[in-house]
Novice: 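My structure is below; once you've seen it, I'll send some questions.
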Amino acid sequence: MSEHQNSNSHRRYTRYVEQVKKTNALRRRVLTGVLTLAALVAAGGQNIAHAQNSAAKSVLRIGYQKYGTLTVLKGNASLEKRLAPLGVEVKWTEFPAGPQLLEGLNVGSVDFGTTGEAPPIFAQAAGADLLYVGNEPAAPAGEAIVVPKGSALKSVADLKGKKIVLNKGSNVHYLLVKLLEKAGLAYKDVEVVFLAPADARAAFERGSVDAWAIWDPFLAAAEKQLGARVLADGKGVVSNHQFYLASRSYAQKHPAIINVILEEIAKTGEWSAKNIKATAAILSVQVGLEPTIVELSVGRFSYGVKPLSEAVIQEQQSIADTFADLKLIPKRISVRDAVFQAKR
């Protein structure tokens with residue numbers, strides 16, 4: 001082979017080697033790009049998942065009953081408007097009574113709710129990790145023991161040996177204890193039947209029980225629709241405070257949201273106190289009762305949510321001690337341990 005041919009072969013070989021290098025480099029760049037794209041896609045998926053998780057954490061779940069300022073707040077949707085700029089969605093879940101609502105709070109299905117005096121005591125004694133975040137003023141006329149209009153019973157003392165239906169662990173549970181005590185009777189002197197309000201009313205209408213311990217608006221409905229007669233209400237016997245509660249974990253993680261809720265409840269309560277008929281109209285839609293019935297109950301309610309005072313804490317502790325003495329709760333509790341301390 002001539003020198004010229006060798007030179008040409010060398011040049012062709014050199015070009016081939018350079019082409020192979022370029023091809024390999026291109027392959028490496030493509031592979032790097034593919035791997036980078038895959039990483040970005042994976043990261044994007046993680047970011048989406050994180051965003052979804054964050055969104056899930058921005059849902060405020062409120063438990064409510066068919067009555068009270070919280071129900072009016074649900075009807076006017078002002079809380080949703082206030083929390084929307086903060087990225088918080090509000091979801092409402094209805095409960096038939098306080099004990100069931102606090103069970104929902106305990107198992108984590110709601111974050112915030114409202115009940116009467118007794119349910120939080122039963123819940124705390126059962127191990128529920130809840131916090132009192134506020135209360136309404138006393139409304140003792142908003143709960144009572146009623147009897148059928150034709151009943152021969154004239155006083156609480158006449159209840160000895162009789163059947164009384166009520167929702168176990170509700171505010172009227174304590175009302176019954178205190179009214180019996182005032183009449184010189186012991187809790188064991190009566191037969192207590194435990195039923196939720198709807199079933200209790202059915203039993204009351206059938207005549208299966210002699211009396212019914214109940215709260216508004218069920219009380220007002222029994223008076224107006226059934227002609228039920230009030231044997232005794234809470235005046236001079238109990239305070240009948242309405243409490244607002246939250247799960248401990250939610251309140252401690254989101255104190256600012258708790259404050260917003262209480263502010264909106266206060267505004268709604270102030271409006272309701274000045275507009276009884278309008279409030280009754282709103283609630284009548286929510287609870288499915290005639291406005292005249294709801295107006296009777298609204299007139300017996302109280303407004304003006306505040307943090308728990310020392311006096312209210314002591315009253316609540318007295319209720320807890322009474323239930324412990326009667327073995328209605330499994331252990332003694334400290335109400336103060338469940339009072340929310342807002343950050344200043």
Novice: Could you tell me if the side chain of F194 sits less than 4.5 Å from the side chain of V165, heavy atoms only?
Specialist: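 A side-chain contact is absent here, since even the closest heavy-atom pair is not under 4.5 Å.
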
Novice: Give a yes or no on whether I257 and L262 share a hydrophobic cluster (residues Ile, Leu, Val, Met, Phe, Trp, Tyr; joining criterion: side-chain heavy atoms under 4.5 Å apart).
Specialist: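 Both belong to a single hydrophobic cluster.
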
Novice: Between E223 and R300, is the closest basic N to carboxylate O distance under 4.0 Å?
Specialist: yes

Novice: Compare every heavy atom of N106 with every heavy atom of A128, then report the nearest pair and how far apart it is.
Specialist: CA-OD1, 3.2 Å

Novice: Hey, what do you get for CG (L166) to CG (L175), rounding to the nearest 0.5 Å?
Specialist: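 Rounded to the nearest 0.5 Å, the CG-CG separation comes to 9.5 Å.
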
Novice: Side chain to side chain contact (heavy atoms under 4.5 Å, CB included) between W271 and S78: does it pass, once the steps are laid out?
Specialist: CA-CA 12 Å; W271 179 86; S78 65; over 6 Å; no

Novice: Looking at side-chain heavy atoms only, is the closest gap between V298 and S272 below 4.5 Å?
Specialist: no

Novice: Side chain of H173, backbone of G169: donor and acceptor closer than 3.5 Å?
Specialist: yes

Novice: Is there a side-chain contact between L153 and K162 (heavy atoms, below 4.5 Å)?
Specialist: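 Of all side-chain heavy-atom pairs linking K162 with L153, at least one is under 4.5 Å.
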
Novice: Quick check against the 3.5 Å criterion: does T268 have a side-chain atom that pairs as donor or acceptor with the backbone of T69?
Specialist: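 Judged by distance alone, no pair lies under 3.5 Å.
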
Novice: Please step through side chain to side chain contact (heavy atoms under 4.5 Å, CB included) for the pair V156 and L159, ending with a clear verdict.
Specialist: CA-CA 5 Å; V156 175; L159 290 173; 4.1 Å; yes

Novice: Kindly write out the residues that satisfy ring pair (Phe, Tyr, Trp, His ring centres under 6.0 Å) with Y67, not counting sequence neighbours, or none if the list is empty.
Specialist: F301

Novice: Are I333 and V133 joined in one hydrophobic group, where the rule is that I, L, V, M, F, W and Y side chains link up if heavy atoms are under 4.5 Å apart?
Specialist: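 No, it is not one cluster - the side chains of I333 and V133 are not joined through contacts under 4.5 Å.
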
Novice: In Å, rounded to the nearest 0.5 Å, how long is the span from CD1 of I329 to CZ of F122?
Specialist: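 So the CD1 of I329 and the CZ of F122 are separated by 7.0 Å.
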
Novice: Could you pull out all residues at least two apart from F112 that satisfy ring pair (Phe, Tyr, Trp, His ring centres under 6.0 Å)?
Specialist: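 In terms of ring pair (Phe, Tyr, Trp, His ring centres under 6.0 Å), with neighbours along the sequence ignored, F112 is linked to no residue.
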
Novice: Would you check, one step at a time, whether the test side chain to side chain contact (heavy atoms under 4.5 Å, CB included) holds for L60 with K91?
Specialist: CA-CA 6 Å; L60 167 63; K91 290 189 176 180; over 6 Å; no

Novice: Taking it one step at a time, do K267 and E264 satisfy salt bridge (Lys or Arg N to Asp or Glu O under 4.0 Å)?
Specialist: CA-CA 5 Å; K267 291 176 185 176; E264 290 304 313; 3.3 Å; yes

Novice: Say whether N171 and E117, considering side chains only, have a donor N or O and an acceptor N or O under 3.5 Å apart.
Specialist: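 No donor-acceptor contact under 3.5 Å links the two side chains.
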
Novice: Does K163 offer a backbone N or O that forms a donor-acceptor pair with the side chain of D210 under 3.5 Å?
Specialist: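 Pair found, side chain donor or acceptor close to backbone of K163.
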
Novice: With a 4.5 Å limit on heavy-atom distance, are the side chains of V110 and I62 in contact?
Specialist: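 The answer is no; the side chains never approach within 4.5 Å.
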
Novice: Locate the shortest heavy-atom distance separating S297 from V294; write the atom from each residue and the value.
Specialist: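 Residues S297 and V294, closest heavy atoms: OG-O, 2.7 Å.
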
Novice: Using a cut-off of 6.0 Å, state whether more than 12 heavy atoms not belonging to Q314 lie near its atom CD.
Specialist: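 Yes, CD of Q314 has more than 12 neighbouring heavy atoms, counting only those of other groups under 6.0 Å.
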
Novice: Write down the atom of A228, the atom of V146, and the distance for their closest heavy-atom approach.
Specialist: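 Closest approach of A228 to V146, heavy atoms only: CB-CB, 4.0 Å.
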
Novice: Do NZ/NE/NH1/NH2 and the carboxylate oxygens of D111 and K253 come within less than 4.0 Å?
Specialist: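 No, no charged N to carboxylate O under 4.0 Å.
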
Novice: Is I265 reachable from L105 through a run of hydrophobic residues whose side-chain heavy atoms are each under 4.5 Å from the next?
Specialist: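 No: no chain of side-chain contacts under 4.5 Å links L105 to I265.
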
Novice: Do E136 and S302 have side-chain atoms, one donor and one acceptor, less than 3.5 Å apart?
Specialist: no

Novice: On a heavy-atom basis, which atom in A246 and which in I258 lie closest, and how many Å separate them?
Specialist: CB-CD1, 3.9 Å

Novice: Taking the side chain as C-beta and beyond, is there a heavy-atom pair between R336 and E310 under 4.5 Å?
Specialist: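 The answer is yes, as the side chains (C-beta and beyond) meet within the 4.5 Å cut-off.
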
Novice: If you group Ile, Leu, Val, Met, Phe, Trp and Tyr by side-chain heavy-atom gaps below 4.5 Å, do L101 and I319 land in one group?
Specialist: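 L101 and I319: one cluster.
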
Novice: Identify the heavy atoms of V260 and L83 that sit nearest to each other, and give their distance.
Specialist: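 Looking at all heavy atoms of both residues, the shortest contact is CG1-CD2, 3.7 Å.
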
Novice: T71 and Q65: side-chain donor and acceptor closer than 3.5 Å?
Specialist: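 Judged by distance alone, the side chains do not pair up.
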
Novice: Hey, what do you get for NZ (K306) to CG (N135), rounding to the nearest 0.5 Å?
Specialist: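 One gets 9.0 Å once the value is rounded to the nearest 0.5 Å.
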
Novice: For the CZ atom of R61 and the OG1 atom of T93, what is their distance to the nearest 0.5 Å?
Specialist: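 Spacing of CZ (R61) from OG1 (T93) equals 8.5 Å.
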
Novice: What's the spacing between Q242 CD and W215 CH2 if we round to 0.5 Å?
Specialist: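 Separation between the atoms: 10.0 Å.
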
Novice: Donor-acceptor pair, distance only, cut-off 3.5 Å: does the side chain of D199 make one with the backbone of L195?
Specialist: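 No; judged by distance alone, with no hydrogens or angles, the pair does not exist.
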
Novice: Within the 4.5 Å heavy-atom criterion, are E80 and W92 side-chain neighbours or not?
Specialist: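 Side-chain contact under 4.5 Å: yes.
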
Novice: Treating T279 as the side-chain partner and N275 as the backbone partner, does any N or O pair qualify as donor plus acceptor under 3.5 Å?
Specialist: yes

Novice: Excluding sequence neighbours, so at least two apart, what forms salt bridge (charged side-chain N to carboxylate O under 4.0 Å, His left out) with E103?
Specialist: none

Novice: Mind checking whether E205 and L226 have side chains closer than 4.5 Å, heavy atoms only?
Specialist: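 E205 vs L226: side chains touch.
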
Novice: Give a yes or no on whether L245 and L79 share a hydrophobic cluster (residues Ile, Leu, Val, Met, Phe, Trp, Tyr; joining criterion: side-chain heavy atoms under 4.5 Å apart).
Specialist: no

Novice: Assert yes or no for the condition that the ring centre distance of F340 to Y132 is strictly below 6.0 Å.
Specialist: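 They do not qualify: ring centres at least 6.0 Å apart.
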
Novice: Can you see whether Q225 engages R201 through a side-chain donor-acceptor pair at a distance of less than 3.5 angstrom?
Specialist: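 On atom types as modelled, these side chains qualify, holding a pair under 3.5 Å.
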
Novice: When you check the gap from the basic side-chain N to the acidic O, do K178 and E181 get nearer than 4.0 Å?
Specialist: yes

Novice: How close do A280 and P291 get, counting heavy atoms only, and between which atoms?
Specialist: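 Closest approach of A280 to P291, heavy atoms only: CB-O, 3.9 Å.
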
Novice: Spell out, as yes or no, whether a donor-acceptor pair under 3.5 Å connects the side chain of T114 to the backbone of F243.
Specialist: yes

Novice: Does R229 form a side chain to side chain contact (heavy atoms under 4.5 Å, CB included) with K149? I'd like the steps, not just the answer.
Specialist: CA-CA 5 Å; R229 175 166 49 86; K149 59 182 177 181; 5.6 Å; no

Novice: Would you kindly say whether E263 and N259 are connected by a side-chain donor-acceptor distance under 3.5 Å?
Specialist: no

Novice: Does a side-chain heavy-atom distance below 4.5 Å link Y303 with E270?
Specialist: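 No. Closest side-chain heavy atoms not under 4.5 Å.
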
Novice: In Å, rounded to the nearest 0.5 Å, how long is the span from CD of E290 to CG of L296?
Specialist: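 Output value for this atom pair is 13.5 Å.
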
